[in-house]
Amino acid sequence: MALSPVCGEQLDEQRKESVFLRDVLEGLGKQQKTLPCKYLYDEIGSRLFERICELDDYYLTRTEAAIFSDNMVDMARQIGPGAAIVEPGAGNCEKVQPLLEQLDSPRGYYPIDISPEILLAARARIIAQLPDLEVQASVGDFTRPEVWRELDDLAAGKTVLFFPGSTIGNFDPCQAGELLQFFATRLRSGDAILIGTDLVKDSVVLERAYCDSEHVTAAFNKNILARINGELDADFDLSLFAHRAFYHPLRQRVEMHLVSLKEHCVRIAGRQVRFAEGETIHTENSHKYSVTGFNRLLDEAGFAPIRHWSDLQQRYAIHYAQVA
Ligand code: AVJ
């Protein structure tokens, strides 16, 4: 996992910038303007998201954590001894720690993330706390096959993918199915996935989670415009946009938008983009599933649903499914 030399990094930065510009112009050129939600998560965005996770209105994080802590013994028993845990998009690797501690002689922990800094710090922390565990971090985009090649020769034995946080909800059901299928093809028969999903529920509860009373989600959403201003020479006036989040019951998802409060033009890298009054930029989707709906998705992707754990209010579910 060598870090690239400085000149390579500079080239990389330029390439990243032009991909970002291309994505922004392409998204804002559409009939329904959009911006890819991955751009919400720069350093400031990631910090704002961490604050969202601590909000009273945002029930997801603490509900998932409670389901894990209430059922950890059961989950570890379900996984069984000697398992290797692979975590795509592991970030700071905080959620996996109690599982690693509970498992019967796990074979190793293999986090994958695009941010080497966060990953290496997390790896050091886990090694300090669980010195007997093999920890091997892979830097890269977990949706690309290359990064999985390093994991191809995990010693024989069961592998379990750990995918918490309702991250799967960011993908539309079709893409989510493709991602699950991609995961399934990286695994062998008898391997499994432990995956968290937010459940379909009352729209008032959902909308409060994405339009919180402390306006942290609004700041998170608007940060994408600040990021474009800072990185791409643009002049978005953040005060001309409002945060909007609503539940779309047919699509079973919360949509996040930025609403233009009046007709105006924005300049981005020498180009003009026009906004009508009330026009929106669609910035993120958060899909919600019923247990049966998600089981169907797992099944279609090549995972046999084994069981799930939920909270008393049925707000959130953690599914365990095995490669057929
Ligand atoms: C990181 C995709 C799980 O959809 O709940 C939270 C992102 N956006 N508030 C979610 C998010 C606004 C979050 N996920």
Side-chain angles (χ1 to χ4, degrees), residues 36-43 45-72 75 79 85-100 109-115 118-119 122 125-126 137 141-143 160-173 175-177 179-180 182-183 192-201 205-206 209-210 212 216-217 220-221 245 252-254 256 283-289 291 294 297-298 301 303 308-311 314-321:
C37 64
K38 64 179 176 190
Y39 294 121
L40 289 163
Y41 300 87
D42 63 347
E43 226 182 285
S46 299
R47 233 177 295 135
L48 286 166
F49 180 63
E50 279 171 24
R51 279 182 58 202
I52 289 174
C53 291
E54 289 162 12
L55 294 170
D56 282 342
D57 290 332
Y58 193 73
Y59 60 85
L60 285 81
T61 312
R62 80 185 115 81
T63 306
E64 185 186 62
I67 299 169
F68 272 125
S69 73
D70 290 349
N71 300 283
M72 198 48 92
M75 290 177 181
I79 291 171
I85 304 296
V86 176
E87 184 174 1
N92 62 17
C93 309
E94 254 160 27
K95 291 180 181 171
V96 78
Q97 189 118 358
L99 178 66
L100 294 174
Y109 172 57
Y110 306 90
I112 305 170
D113 204 274
I114 35 170
S115 165
I118 295 175
L119 198 52
R125 195 196 67 234
I126 292 179
D141 175 349
F142 68 76
T143 65
V160 176
L161 287 196
F162 183 68
F163 203 52
S166 194
T167 306
I168 194 76
N170 259 170
F171 300 84
D172 70 44
Q175 295 170 323
L179 181 62
L180 290 172
F182 174 79
F183 286 163
I193 187 167
L194 191 60
I195 180 169
T197 60
D198 195 22
L199 292 169
V200 170
K201 64 179 64 62
V205 176
L206 283 170
Y210 293 86
D212 65 274
V216 183
T217 313
F220 171 71
N221 197 6
Q252 284 191 196
R253 70 189 191 195
V254 173
M256 236 172 45
T283 49
E284 195 177 41
N285 288 320
S286 187
H287 289 265
K288 311 301 165 186
Y289 290 92
V291 168
F294 197 71
L297 198 70
L298 284 165
F303 284 102
H308 75 279
W309 296 267
S310 189
D311 55 303
Q314 310 271 338
R315 286 187 163 180
Y316 196 94
I318 298 169
H319 296 257
Y320 183 81

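Nearest approach of Ala317 to Ile67, heavy atoms of both residues: N-CD1, 4.5 Å. Listed here is the closest heavy atom pair of Gly177 and Ala301: O-CB, 3.8 Å. Of all the heavy atoms in Phe142 and Phe182, the pair that sits closest is O-CE2, 3.4 Å. Ser286 and Tyr210 make their closest contact through OG-OH, 2.9 Å (heavy atoms, listed as atom of the first residue, atom of the second, distance). In this structure, Ala209 and Tyr59 approach most closely via the heavy-atom pair CB-CE2, 3.7 Å. In this structure, Tyr58 and Cys53 approach most closely via the heavy-atom pair CD2-CA, 3.8 Å.
No side-chain heavy atom of Phe303 sits under 4.5 Å from any side-chain heavy atom of Ile195. Within the 4.5 Å cutoff, the side chain of Asn285 has no heavy atoms near those of the Asp172 side chain. Within the 4.5 Å cutoff, the side chain of Met256 has heavy atoms near those of the Leu40 side chain. Here the side chains of Asp198 and Thr63 are not in contact, with every heavy-atom distance at 4.5 Å or above. The shortest side-chain heavy-atom distance between His287 and Pro173 falls under the 4.5 Å cut-off. Residues Trp309 and Tyr320 have side chains in contact (heavy-atom distance under 4.5 Å, counting atoms from C-beta outward). Using a 4.5 Å heavy-atom cutoff, the side chains of Leu99 and Ile79 are in contact.
No close placement of the Tyr110 and Phe162 rings is indicated, their centers lying 6.0 Å or farther apart.
Shown are Ile193, Val291, Ile168; of these, the side chain to side chain contact (heavy atoms under 4.5 Å, CB included) with His319 is made only by Val291. Remark: of the listed residues Tyr316, Phe294, Phe171, Phe294 is the sole one forming a ring pair (Phe, Tyr, Trp, His ring centres under 6.0 Å) with Tyr289. The side-chain hydrogen bond (donor to acceptor under 3.5 Å, both in side chains) test with Asn170 is passed by exactly one of Glu284, Arg253, Lys38, Gln175: Glu284.
With sequence neighbours excluded, the residues that form a ring-ring contact (aromatic ring centres under 6.0 Å, His included) with Tyr39 are Phe20.
For the atom pair CG of Asn71 and CG of Asp311, the computed distance is 10.0 Å after rounding to the nearest 0.5 Å. Atom CD of Glu54 and atom OG1 of Thr61 lie 8.5 Å apart (nearest 0.5 Å). A distance of 9.5 Å separates CG of Leu180 from CG of Leu161, quoted to the nearest 0.5 Å. Separating the CD atom in Glu50 from the CG atom in Leu55 is a distance of 12.5 Å, to the nearest 0.5 Å. Rounding to the nearest 0.5 angstrom, the gap separating the CG atom in Asp57 from the CG atom in Leu206 is 12.0 Å.
The residues Glu87 and Lys95 are annotated as not salt-bridged, no charged nitrogen and carboxylate oxygen being separated by less than 4.0 angstrom.
Inspection of the Asp113 and Ser115 side chains reveals no N or O donor paired with an N or O acceptor under 3.5 Å.
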**Prompt:** When you look at Arg315 and Val205, which way does the side chain to side chain contact (heavy atoms under 4.5 Å, CB included) test go after all the steps?
**Reply:** CA-CA 10 Å; Arg315 286 187 163 180; Val205 176; 3.8 Å; yes
**Message:** Checking Phe163 against Phe183 for the ring-ring contact (aromatic ring centres under 6.0 Å, His included) test, could you report, in this order, the C-alpha distance in whole Å, the side-chain angles of both residues, the deciding distance, and whether it holds?
**Reply:** CA-CA 11 Å; Phe163 203 52; Phe183 286 163; 5.3 Å; yes
**Message:** Show, in sequence, the C-alpha distance, side-chain angles and deciding distance for Cys93 and Ile118, and conclude whether the side chain to side chain contact (heavy atoms under 4.5 Å, CB included) test is met.
**Reply:** CA-CA 9 Å; Cys93 309; Ile118 295 175; over 6 Å; no
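Classification of the Phe49-Phe220 ring pair by plane angle, with boundaries at 30° and 60°, yields tilted.
Not a single donor-acceptor pair under 3.5 Å links the side chain of Thr283 to the backbone N or O of Cys37. A donor-acceptor pair under 3.5 Å is formed between the side chain of Asp212 and the backbone N or O of Thr217.
The 12-atom threshold is not exceeded at CD1 of Ile114, counting heavy atoms of other residues, nucleotides or ligands nearer than 6.0 Å. Atom CZ of Arg62 is surrounded by more than 12 heavy atoms from other residues, nucleotides or ligands within 6.0 Å.
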